[in-house]
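Worksheet for the structure shown next.
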Amino acid sequence: MRKSILARFNNWFIFTLMTVVIISIVVTSTILINFLRKEEVKRVDILVSALKFQQEVTSSSLEVQALVLQIYSSNTTIPVIILDKDDRPIEHKNIPQEVENNTTEIVALAKKMAKNYPPIELKFSNGNNQFVYYDNSQLLNNLRYSPYILGFFILCYFLFSFWFLRTIKKTDEGYLWAGLAKETAHQIGTPLSSMIGWMEVMKLETPDSEGIQEIEKDIERLRTISERFSKIGSVPELNDTDFNETIKENYDYLKSRISKKINFTLHLPTYDILVPHNKILMSWVIENLVKNAVDAMKGEGSILIAVFERNKNILVEVKDTGSGMTKQQAGNAFKPGYSTKKRGWGLGLSLAKRVIQEYHNGDIRIAQTEVGKGTTFRIMIKKV
């Protein structure tokens, strides 16, 4: 228990740490972009001051003129447009080439820049004021989206990591179930061989005993169960084709062994259904569903097994009039280890799902359930 709490704490600690790292990266990127934006605004202010100085001072040394020209020339990234008071272009720099030779488009671009930053007015004593329009450099515009792009890639990384770890976990669980199943088959095999030997001895003494015949059927059933477990983890052969026969044999066996208070019925199509399947494993799935239905009804009610075709699929429905399930129970029904029964191990439906999905390329789900009214399980297998 303590180990579980520590493991959960470590998981939450790692999650919280990584979340803080991501938020820190995004916040740091935002702060950096804001800093660069302010620096560009400062550069524009210096440029405007230099232009104003150049136009106001009539006599200045060559050094001062060279400095002003250097300030103006050093701007190679920030787009700048200078208009007079009548919106006529005077000077422009770092704007798109397709706009440079079109006065109308230059003015339109300047007005568009004004939506991001208000123009800086150059006031002169003669009244011929000028307006300096500017915008972010292309680099700054690109950097503006970098936190979102970075966040997107980090999110993709986490989703991939989650998928990868979950896949590893599922693979490990698969090996665990396969190993457990094969060990169970091995353990059943030893006493089963002994029982078969003693059965032959009993048959020599009383060959016509009805009790011995029934025990022999149960021994054969144990042999089938042993085969079922031995096939988990390996690729079974789908060499049986008569689907109706498989369901009918399973129905006949179960009907003779469940309570007489249960109305157990079977609906099969009047024509043959030929679909490749493994009879032993398919019978296991049906038996699991029927036993769950019997437990849900507490030994009294109705169970219906129906087989029919829909489009290119073979459907098998096992419907009961039991206690039904809540949405939460239905959502967890096929998870390994989950059970609503006090003594249940939660393996039956999980293994049934594996048999249908992995070995028969089909699907199994809860088609309908309602608390107090019953549940319908549906198996779907594609018809070849």
Side-chain angles (χ1 to χ4, degrees), residues 170-171 173-193 195-196 199 213 216-257 264 266-292 305-318 334 336 347-365 377-384:
K170 278 191 172 183
T171 303
E173 286 179 353
Y175 285 130
L176 177 62
W177 291 126
L180 178 62
K182 289 183 179 296
E183 179 62 22
T184 302
H186 176 72
Q187 294 294 335
I188 291 176
T190 303
L192 183 59
S193 299
M195 290 174 65
I196 292 172
M199 179 57 59
Q213 292 176 4
E216 192 172 20
K217 290 180 182 178
D218 287 332
I219 289 176
E220 185 60 32
R221 194 65 177 181
L222 281 173
R223 196 204 304 268
T224 301
I225 292 172
S226 179
E227 284 189 57
R228 291 172 179 174
F229 279 108
S230 67
K231 290 181 182 297
I232 294 295
S234 58
V235 180
E237 295 182 1
L238 306 183
N239 48 16
D240 298 294
T241 55
D242 194 338
F243 200 74
N244 285 347
E245 181 183 354
T246 298
I247 301 300
K248 182 68 166 59
E249 287 180 2
N250 211 51
Y251 167 78
D252 291 338
Y253 175 82
L254 293 171
K255 185 175 177 65
S256 64
R257 281 161 175 75
F264 193 17
L266 173 66
H267 288 172
L268 292 176
T270 55
Y271 52 89
D272 292 337
I273 292 182
L274 304 178
V275 56
H277 65 282
N278 186 281
K279 180 182 292 188
I280 294 175
L281 293 181
M282 188 59 63
S283 297
W284 191 6
V285 173
I286 299 300
E287 185 175 324
N288 265 305
L289 297 182
V290 171
K291 286 184 176 179
N292 277 338
I305 298 179
V307 179
F308 54 95
E309 285 190 68
R310 180 178 294 173
N311 299 326
K312 296 183 179 180
N313 299 317
I314 305 298
L315 302 181
V316 182
E317 289 190 348
V318 179
F334 293 100
L347 300 179
L349 291 179
S350 175
L351 291 172
K353 184 175 182 179
R354 178 169 182 166
V355 168
I356 296 300
Q357 290 187 340
E358 296 187 17
Y359 299 152
H360 291 86
N361 194 28
D363 191 24
I364 179 172
R365 63 181 61 185
F377 283 89
R378 179 178 295 162
I379 300 170
M380 182 189 73
I381 299 177
K382 293 180 180 179
K383 187 177 180 181
V384 179

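Predicted, not measured: the structure shown is a model, and the values here were computed from it.
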Exercise for the section: May I ask you to test the H267-F308 pair for a side-chain heavy-atom distance under 4.5 Å? Expected result: no
Problem - Heavy-atom side-chain proximity of L266 to I247 below 4.5 angstrom - result: yes
Fill in the blank from the handout: F377 meets the ring-ring contact (aromatic ring centres under 6.0 Å, His included) criterion, sequence neighbours left out, with none
Practice task
Give a yes or no on whether a salt bridge exists between K279 and E249, defined as a side-chain N under 4.0 angstrom from a carboxylate O.
Solution key: yes
Exercise for the section: Can you measure from CD1 (I356) to CG (L349) and round to the nearest 0.5 angstrom? Expected result: 11.5 Å
Exercise for the section: For N288 and W284, indicate whether the former's side chain and the latter's backbone hold a donor-acceptor pair under 3.5 Å. Expected result: yes
Exercise for the section: Check whether any side-chain heavy atom of N244 sits under 4.5 Å from a side-chain heavy atom of P269, and report yes or no. Expected result: yes
Exercise for the section: For residues V307 and L315, determine if any side-chain heavy atom of one lies less than 4.5 Å from a side-chain heavy atom of the other. Expected result: no
Handout entry: side chain to side chain contact (heavy atoms under 4.5 Å, CB included) between M380 and I314, intermediate numbers included
Key = CA-CA 6 Å; M380 182 189 73; I314 305 298; over 6 Å; no
Practice task
Verify side chain to side chain contact (heavy atoms under 4.5 Å, CB included) between L289 and I379, making sure each step is shown before the conclusion.
Solution key: CA-CA 10 Å; L289 297 182; I379 300 170; 3.8 Å; yes
Practice task
Not counting sequence neighbours, which residues clear side-chain contact (heavy atoms from CB on, under 4.5 Å) with R365? List them please.
Solution key: D363
Exercise for the section: Please confirm whether the backbone N or O of I280 pairs with a side-chain atom of N278, one donor and one acceptor, at under 3.5 Å? Expected result: yes
Handout entry: Audit row: H277, Y359, side chain to side chain contact (heavy atoms under 4.5 Å, CB included) steps and yes/no
Key = CA-CA 9 Å; H277 65 282; Y359 299 152; over 6 Å; no
Practice task
First locate atom OH of Y251, then atom OG of S283, and finally report the distance between them rounded to the nearest 0.5 Å.
Solution key: 15.0 Å
Handout entry: Atom pair CD/CD1 of E245 and I273 - distance to nearest 0.5 Å
Key = 13.0 Å
Practice task
Please tell me if the side chains of F264 and I305 come closer than 4.5 Å, counting only heavy atoms from C-beta onward.
Solution key: yes
Handout entry: Check against side chain to side chain contact (heavy atoms under 4.5 Å, CB included), I286 and V316
Key = CA-CA 9 Å; I286 299 300; V316 182; 4.0 Å; yes
Practice task
For the residue pair K382 and K312, establish whether any side-chain heavy-atom pair is separated by less than 4.5 Å.
Solution key: no
Exercise for the section: Determine whether E287 and L254 make a side-chain contact, defined as any pair of heavy atoms from C-beta on separated by less than 4.5 Å. Expected result: yes
Completion exercise
Applying side chain to side chain donor-acceptor pair (under 3.5 Å) to D242 and not counting sequence neighbours gives none
Practice task
Report yes or no: does H360 contribute a side-chain atom to a donor-acceptor pair with the main-chain N or O of E358 at less than 3.5 Å?
Solution key: no
Handout entry: Side-chain touch K248/F243, heavy atoms, less than 4.5 angstrom
Key = no
